[in-house]
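Below is one structure, written out as structure tokens, with a few remarks after it.
Note that the coordinates shown come from a computational prediction; the quantities given were computed from them, not determined experimentally. Values below: all heavy atoms of this structure, side chains included; hydrogens, waters and symmetry mates excluded.
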Amino acid sequence: MFRIFVTNPDSVLFFAAEELKKYLRMMMPEAGEIKIAFDPAAKEGFRLGLMQEMGLDVSDVRDTVLDDILYLDTDKTGGVIAGDNPRSVLLAVYEYLRRNGCRWLFPGPDGEYIPKQTVKPVKLRHVPSLRYRGWCNEGAMARDTMPEMIDFTPKVGMNVMMIQFRVPKTFYNRYYAHSRNEENFAPLAITKEQVMQWTSECEAEAAKRGLQLHTMGHGFTIEPFGVDTTEAWTAIPEDALTPENRECLAMIDSKRAFFGGSPINTNFCMSNPRARAKVAAYITDYAQKHPNADYIHVWLADAHNNHCECDACRQKTPSDWYMVLMNDIDAALSAKNLAARIVFIAYVDTSWAPLVEKIQNPDRFTLMLAPISRSYTSTLPDGCVNAKTIPFQHNKNTMPKTLNDYLAYFADWKKTWDGTSLCYEYHFWQHQHYDPSGMALAKRIYEDVGVYQGVGIDGLIQCGSQRSFFPHGFAYYVHARTHFDRSLSFEEIAADYFSHAFGESYKDFLAFFEKVEKAIPMKFMEGELGTAVTPGSSRNFYNPALAAQLESAAALADEALALVAANRPCTELVQATSLRLVELFASYLKPLSRFLAMKARGEDANALQCAEEMRVAMGKHEPELMRYLDQWQCFRFIQRIAQNQHVMQ
């Protein structure tokens, strides 16, 4: 009945054809075999190809390699499914299937909703609202779940995958060592060589789908000087440096050494032309060896107030020296005729814009804002006005506290930078664990995307766990769909997600999560509702008046279990999985409510013990929850609440 013709030989189009075939067969099990063939002249069946080769207009996007256009013109038996690049064709296939009722709510086959129905005609031409739509690895990574997350990415309209660090062993080690869950599972040792294999596997899966691949980030400030950053933030002996390379490190308190003992947190002496030349040569060599990287991120050290204090470095701000470095990198890449794209970052000390220096070849570069220290309990303050920036002070800076503050610093950057910009966000880092309902975070993402788009930022890369789907995947769905189509309302996205996750009773589940949001305010878990300052603490949770409200969430756990029981059995696997996640969430919510009430009453010792008991109890479910909850990351941040610690600690 159906035939699929690929009109361009690119391998991504053949993968798109296989995906179309698979889901058509699943939707119509009795439809029979579907043949796939290469035929640039095909006039019938489904024709998958590039818009340019089909005579379709692509003039409304700036760059057909980076920007996506989805084109659909189908009837009941076939038609054109096209895009302006191979990735866009795959995105168009998934959007065609979505418009025929398919949904992907979280990674893995259990997250699929595939209706059993004949296909309907679809006519669509769509340019996603933002160019950069994706994520970067963080938390505790498992080999099993990374390919599933990559597979999930284009199914919800995202197009970017970033692998942070040259060898991201520290992220994999967190999972396989079962850190923060040692009581339940024995650790497994992994090697650098294994992680390099797994990284190549991830890159191959991304290439199969034509995703934009972003690489590196931290590391370029120290690796050119002979230091291996495989162990990331772990301190290493000072004798790892030769005397010659030690002279290239940043001088702080009259000493050139690893900052806090950690290479990845260490900057180099950017006024030293020999040191800059080594960094530029190292990055050029990296670009030659990694031609598959669409963007190479060149970030400075992962710490703040740690820049070189030598007399020469003090003559310019770190951001000015950073621009000098970017121009050196551009010259080195140009000398080798390399077209590598470079991302530079407004992060910690470089949140302050340069005063003098500018990038000479903006076509090679993209600016990325990284507002790590902002509050996540509001997007912009009510009735906000443009915030004022504070002058830069060498190694004595106080980080911005709100998105409004960060946008003021970004506005300063825009005075010297008129090229493309994106944002590196942290919604799915610690902050998802400070909103157990998942609803406040989803609203924040929806609002943030609109604000960022309004100031000229062309999309977000989420720095957070690839297992961010507990107790549901709504917040991640909002991230994906809002980037893809900014015209969708929050309510539309919520109805879409929850109706497919829970079926006819979805409004009851939506109401339940909204009750959890009200009972456990995200502001409290972020440490913003305390009524007294605890000596020596950087966050405050003491608020006895709120304790009873926090404790009331325990009763909501019983309500959740009743909802689950009332909706079983169900015939859709995705709904059965969603119900099980709610059931497991109930077992998390009860002790969480007690823990938070103890913190509100100032019973810190009891709260710490409760947190430990909760960690061990939840850890027993790690095999079942591994696709959805990052055990290591979740309890890292629960422990920070127990110890009154702040984000930057």
Classify the ring geometry of [X] against [Y]: parallel below 30°, tilted from 30° to 60°, perpendicular beyond 60°.
X	Y	answer
Tyr497	Phe474	tilted
Tyr23	Tyr94	perpendicular
Tyr175	His178	tilted
Phe513	Phe502	tilted

[X]-[Y] side chain donor-acceptor pair, cut-off 3.5 Å:
X	Y	value
Gln430	Tyr426	no
Glu95	His126	no
Thr379	Glu447	yes
His431	Asp435	no
Glu425	Tyr376	yes
Asn181	Trp632	no
Gln643	Gln639	no

Straight-line distance of [X] [atom1] to [Y] [atom2], nearest 0.5 Å:
X	Y	atom1	atom2	result
Asp448	Gln453	CG	CD	13.0 Å
Arg636	Ser465	CZ	OG	12.0 Å
Tyr628	Ser578	OH	OG	8.5 Å

Just wondering, are more than 12 heavy atoms of other shown residues or ligands nearer than 6.0 Å to NZ in Lys507? no

Could you tell me whether [X] and [Y] make a salt bridge, using a distance below 4.0 angstrom between a side-chain N and a carboxylate O?
X	Y	answer
Glu551	Arg601	yes
Asp110	Arg627	yes
Asp485	Arg481	no
Asp68	Arg131	no

Quiz item: cation-pi between Arg640 and Phe635, 6.0 Å / 45°: no

Decide if the gap between the ring center of Phe171 and the ring center of Phe165 is smaller than 6.0 angstrom. yes

Suppose we call two aromatic rings close when their centres sit under 6.0 Å apart. Are Trp135 and Tyr476 close by that rule? no

For the side chain of Arg133 and the backbone of Val160, is there at least one donor-acceptor N/O pair under 3.5 Å apart?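 Looks like no, no N/O pair under 3.5 Å.
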
Candidates Met598, Lys599, Glu603 - the one meeting side-chain contact (heavy atoms from CB on, under 4.5 Å) with Cys610: Met598

Testing Asn137, Ile461, Thr153, Ile150 for side-chain contact (heavy atoms from CB on, under 4.5 Å) with Met161, which one passes?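 Among Asn137, Ile461, Thr153, Ile150, the one that satisfies the side-chain contact (heavy atoms from CB on, under 4.5 Å) with Met161 is Ile150.
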
Check each of Trp104, Phe152, Tyr477, Phe585 against Phe469 using the ring pair (Phe, Tyr, Trp, His ring centres under 6.0 Å) test, and report the only one that passes.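 With Phe469 as partner, Trp104, Phe152, Tyr477, Phe585 yield a single ring pair (Phe, Tyr, Trp, His ring centres under 6.0 Å), made by Phe152.
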
